[in-house]
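Following: one structure in structure tokens, then a few remarks.
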Amino acid sequence: MKTLVLCNQKGGVGKSAVATLLAHYLVHRGQRVLAIDLDHQGNLSKPLRLSGRAAVSSFAADALFTAAAPLQPLPDKPFALVPGDRALLGLERQPALHTPFARQFRSFLAAVDARFDVCVIDTNPNPDIRVIAALASADCVLSPIQLNQEAMDGVSGLLNHDRVGLRKIKAVLNPKLALIGLLPTMVEPTPFQKANFVQVVQQYHGLMIRIGDGPGAFASIPRRSCIAEAQADGAVLWEMKKTAARDTWREIEPSLARIADIVTAHAAIKEPSHATAA
Ligand SMILES: Nc1ncnc2c1ncn2[C@@H]1O[C@H](COP(=O)(O)OP(=O)(O)OP(=O)(O)O)[C@@H](O)[C@H]1O
Ligand SMILES: [Mg+2]
């Protein structure tokens with residue numbers, strides 16, 4: 001099982017929407033998928049529950065850190081969800097237990113390793129023990145970003161934050177962690193966003209995800225109301241009746257396909273040559 005974490009301490013950048021799209025897409029490609037929602041807001045759990053596609057575990061995600069007794073087995077299905085719940089909020093308030101929490105989370109992933117091909121983990125936007133435990137155990141991390149100034153300024157923190165910076169985690173806790181890269185989301189064709197896209201490509205070139213040979217051929221997700229609708233209604237984007245949804249799917253499929261390829265053929269990931277920039 002390859003474990004992919006969606007992570008960016010900036011709120012509202014599209015982590016949960018991308019996690020949902022990727023979970024459905026990987027299932028569509030025949031992968032056995034375990035989705036774990038580490039955010040108490042439950043924005044991965046809700047659309048997956050509503051979709052009726054994922055079998056929901058009998059326990060919530062806080063139990064992955066704290067359960068005293070062995071957990072009930074996950075549903076014997078190729079697509080399972082461990083939903084988020086409010087008890088996740090309490091983990092950060094027990095610092096003496098953070099190391100055992102992280103260890104227990106890692107043991108859970110090891111115990112289900114043969115059951116699934118890919119584990120997709122959505123995280124909360126605050127840099128806390130949930131995010132650290134997920135990154136400390138993961139194979140890969142993908143960071144959705146928005147192309148506004150504030151979010152762009154946040155990229156450096158995402159990489160270098162004292163506690164949850166991806167480079168720090170890789171150096172100190174998890175040398176095998178591969179940074180798939182930055183995924184611009186909710187991209188709009190405004191001059192401001194276009195200029196920011198150019199800037200992010202220049203500054204973080206090695207962290208952009210190539211989907212072709214052209215100069216601007218990097219993975220990204222446009223802002224489209226049908227993506228928000230799919231998220232709210234639990235619909236699978238490419239199965240929606242609207243023409244707009246099918247057009248959107250055609251636009252984003254190359255990006256999701258590339259990310260899915262990288263995750264499933266994880267050995268192919270090399271540390272980007274520019275990963276130490278900025
Ligand atoms: N590509 C998109 N186009 C249009 N709306 C989008 C897109 N991606 C996400 N959204 C919407 O934007 C809002 C924020 O997205 P999302 O919940 O995925 O962000 P997040 O990073 O997970 O937020 P949080 O940090 O709170 O967990 C949601 O209402 C979602 O449906
Ligand atoms: Mg979210």
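We count ligands from 1, going down the list as the structure has it; atoms in each ligand are counted the same way.
With hydrogens and angles left out, the side-chain atoms of Y25 and E253 include a donor and acceptor closer than 3.5 Å. Side-chain polar atoms of D128 and N124 form a donor-acceptor pair below 3.5 angstrom. Side-chain atoms of Q231 and T20 include a donor-acceptor pair closer than 3.5 Å. For the 3.5 Å distance criterion, the side chains of N43 and S16 fail to qualify, holding no donor opposite an acceptor. Using modelled atom types and a 3.5 Å distance limit, the side chains of R103 and H98 yield no donor-acceptor pair.
Scanning the protein for heavy atoms near atom 24 (P) of ligand 1, the closest one is G12 N, 3.4 Å. Protein heavy atom nearest atom 13 (C) of ligand 1, with residue, atom name and distance: M186 CE, 4.5 Å. Scanning the protein heavy atoms around atom 18 (O) of ligand 1, the nearest turns out to be A17 N, 2.8 Å. Among all protein heavy atoms, the one lying closest to atom 3 (N) of ligand 1 is R224 N, 3.0 Å. Among protein heavy atoms, the minimum distance from atom 16 (P) of ligand 1 is reached at G14 CA, 3.7 Å. Of all protein heavy atoms, the one lying nearest to atom 17 (O) of ligand 1 is S16 CB, 4.0 Å.
Checked for salt-bridge contact, E251 and R224 meet the test: a charged N lies under 4.0 Å from a carboxylate O. Using a 4.0 Å cut-off between a side-chain N of Lys or Arg and a carboxylate O of Asp or Glu, D261 and R29 qualify as a salt bridge. Salt bridge absent: D139 and K2 never bring a charged side-chain N and a carboxylate O closer than 4.0 Å. Electrostatic pairing of E188 and K194 does not count as a salt bridge here, judged by no charged N lying under 4.0 Å from a carboxylate O.
Here Q41 fails the criterion, with no N, O or S atom under 2.8 Å of the Mg ion (ligand 2).
In this pair, F79 and H24 present their aromatic rings perpendicular. The plane angle is above 60°, beyond the 30 to 60° band.
Using a distance-only test at 3.5 Å, with no hydrogens or angles considered, a donor-acceptor pair links the side chain of D113 to the main chain of M1.
Near Q231, the atoms of ligand 1 lying under 4.0 angstrom from a non-hydrogen atom of the residue are 31 (O). Atoms of ligand 1 found under 4.0 Å from any heavy atom of G11, numbered from 1 in the order shown, are 25 (O). With ligand atoms numbered from 1 in the order given, ligand 1 contributes 1 (N) to contacts under 4.0 Å with heavy atoms of I221. Residue contact check: A228 has heavy atoms under 4.0 Å from atoms 5 (N), 31 (O) of ligand 1. Near P222, meaning under 4.0 Å from any of its heavy atoms, are these atoms of ligand 1: 1 (N), 2 (C), 3 (N). The ligand atoms of ligand 1 that sit less than 4.0 angstrom from a heavy atom of Q41 are 24 (P), 26 (O), 27 (O). Set against the non-hydrogen atoms of V13, the atoms of ligand 1 under 4.0 Å away are 19 (O), 20 (P), 21 (O). Shown in contact with D39 at under 4.0 Å from a heavy atom are these atoms of ligand 1, numbered in order with element: 27 (O).
Of the heavy atoms in I227, only side-chain atoms (C-beta onward) come closer than 4.0 Å to ligand 1.
The neighbour count for R210 CZ, taken as heavy atoms of other residues, nucleotides or ligands under 6.0 Å away, is above 12.
Under the 4.0 angstrom criterion, atom 30 (C) of ligand 1 counts as lacking any protein heavy-atom contact. Within a 4.0 Å radius of atom 5 (N) of ligand 1, the protein contributes one or more non-hydrogen atoms.
Considering backbone and side-chain atoms together, T123 places no N or O closer than 3.5 Å to any N or O of ligand 1.
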